[in-house]
Amino acid sequence: DRDHVDSALKRLGRFTRHLEVLPPELPEEIASLIGNCLRNMPCEQPDKLAADFAGWVNGLAPADIVDIVNEAGLIVRRNHDSVITMTHLREAYNAIRYGESKRLEPSPEERRKTAIHEAGHALVARHHKLDLIQITIVGRRNAAGFVEHSHGENNCPAKAYLIKRL
């Protein structure tokens, strides 16, 4: 109750400071965070795995990165595997970022249509010289598939690219 709080705590300037915690930007910072998460998990060559996976999670908040690594550990257990690999990290990344894969398998015709559709997105991305990260026809949430690409070094698309997409 506000009335029962010490007046010293209610003075102007108390508890008004806000700290901004920015996501790690440098690949070394991201790899270090991933490496720390992998430290107590079954993993061969954690430093190499962390460095390789750092490019996938660029721009994500540290809490999201930790969630991805923890999800990879759960996937290892679920699959009765012995160590975390890049495949587990990628699967965890997609599950955390885009949702679990759909349980119902699409028909061959639906898969073909989705593949053609996503290939079109990939061609447009390549035309605009965007680096493709992944292309998939594995359905997640409301999407039948998706293409993920980077927007360059600062991960911010150019105005001309956005206007062309309209």
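Taken together through direct or relayed side-chain contacts under 4.5 Å among Ile, Leu, Val, Met, Phe, Trp and Tyr, Val57 and Tyr98 form part of one hydrophobic cluster. The cluster map of Ile, Leu, Val, Met, Phe, Trp and Tyr, joined by side-chain heavy atoms under 4.5 Å apart, puts Phe53 and Val83 in different clusters. Ile135 and Leu123 sit in two unconnected hydrophobic clusters of ILVMFWY residues. Membership requires side-chain heavy atoms under 4.5 Å apart, directly or through other members. Met41 and Ile75 are not part of a single hydrophobic cluster, where members link through side-chain heavy atoms under 4.5 Å apart.
Between atom CD of residue Glu148 and atom CG of residue Leu132 there is a gap of 10.0 Å, rounded to the nearest 0.5 Å. Here CG of Leu89 is found 10.0 Å from CH2 of Trp56. Values are rounded to the nearest 0.5 Å. Rounded to the nearest 0.5 Å, atoms OG (Ser107) and CD (Glu105) are 9.5 Å apart. Within the model, atoms CZ of Arg111 and CD1 of Ile116 stand 13.0 Å from one another, a figure rounded to the nearest 0.5 Å. For the atom pair OG (Ser82) and CD (Glu44), the distance works out to 7.0 Å, reported to the nearest 0.5 Å. Atom CG of Asp47 and atom CD1 of Ile34 lie 11.5 Å apart (nearest 0.5 Å).
Taking Ile96 as the reference, Asp67, Ile68, Glu71 meet the side chain to side chain contact (heavy atoms under 4.5 Å, CB included) condition, with sequence neighbours excluded.
Here the side chain of Thr114 pairs a donor or acceptor atom with the backbone of Glu110 at under 3.5 angstrom. In this structure a side-chain-to-backbone donor-acceptor pair under 3.5 Å is present from Arg140 to Gly99.
The shortest side-chain heavy-atom distance between Ile84 and Leu38 falls under the 4.5 Å cut-off. Annotation: side chain of Lys113 is not in contact with side chain of His117 (no heavy-atom distance under 4.5 Å). A heavy-atom distance below 4.5 Å is not found between the side chains of Leu74 and Asn70.
Within a 6.0 Å sphere centred on CZ of Arg78, other residues, nucleotides and ligands contribute more than 12 heavy atoms. The environment of CD in Glu29 is crowded: more than 12 heavy-atom neighbours from other residues, nucleotides or ligands sit within 6.0 Å.
With 3.5 Å as the limit, one finds a donor-acceptor pair spanning the side chains of His88 and Thr85. Counting only N and O atoms by type, the side chains of Glu100 and Asn94 include no donor and acceptor under 3.5 Å apart. Residues Tyr93 and Gln134 have side chains that never bring a donor and an acceptor to within less than 3.5 angstrom of each other.
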Would you sort out whether Leu130 and Arg126 count as a side-chain contact (heavy atoms from CB on, under 4.5 Å), showing the intermediate values?
CA-CA 5 Å; Leu130 301 174; Arg126 291 303 294 162; over 6 Å; no

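A pairwise comparison of heavy atoms in Ala31 and Ala50 identifies O-CB, 3.4 Å as the closest pair. Across Val147 and Ala122, no two heavy atoms sit closer than the pair CG2-N, 4.0 Å.
A salt bridge between Arg112 and Glu109 is present, with a side-chain N of the basic residue lying under 4.0 Å from a carboxylate O of the acidic one.
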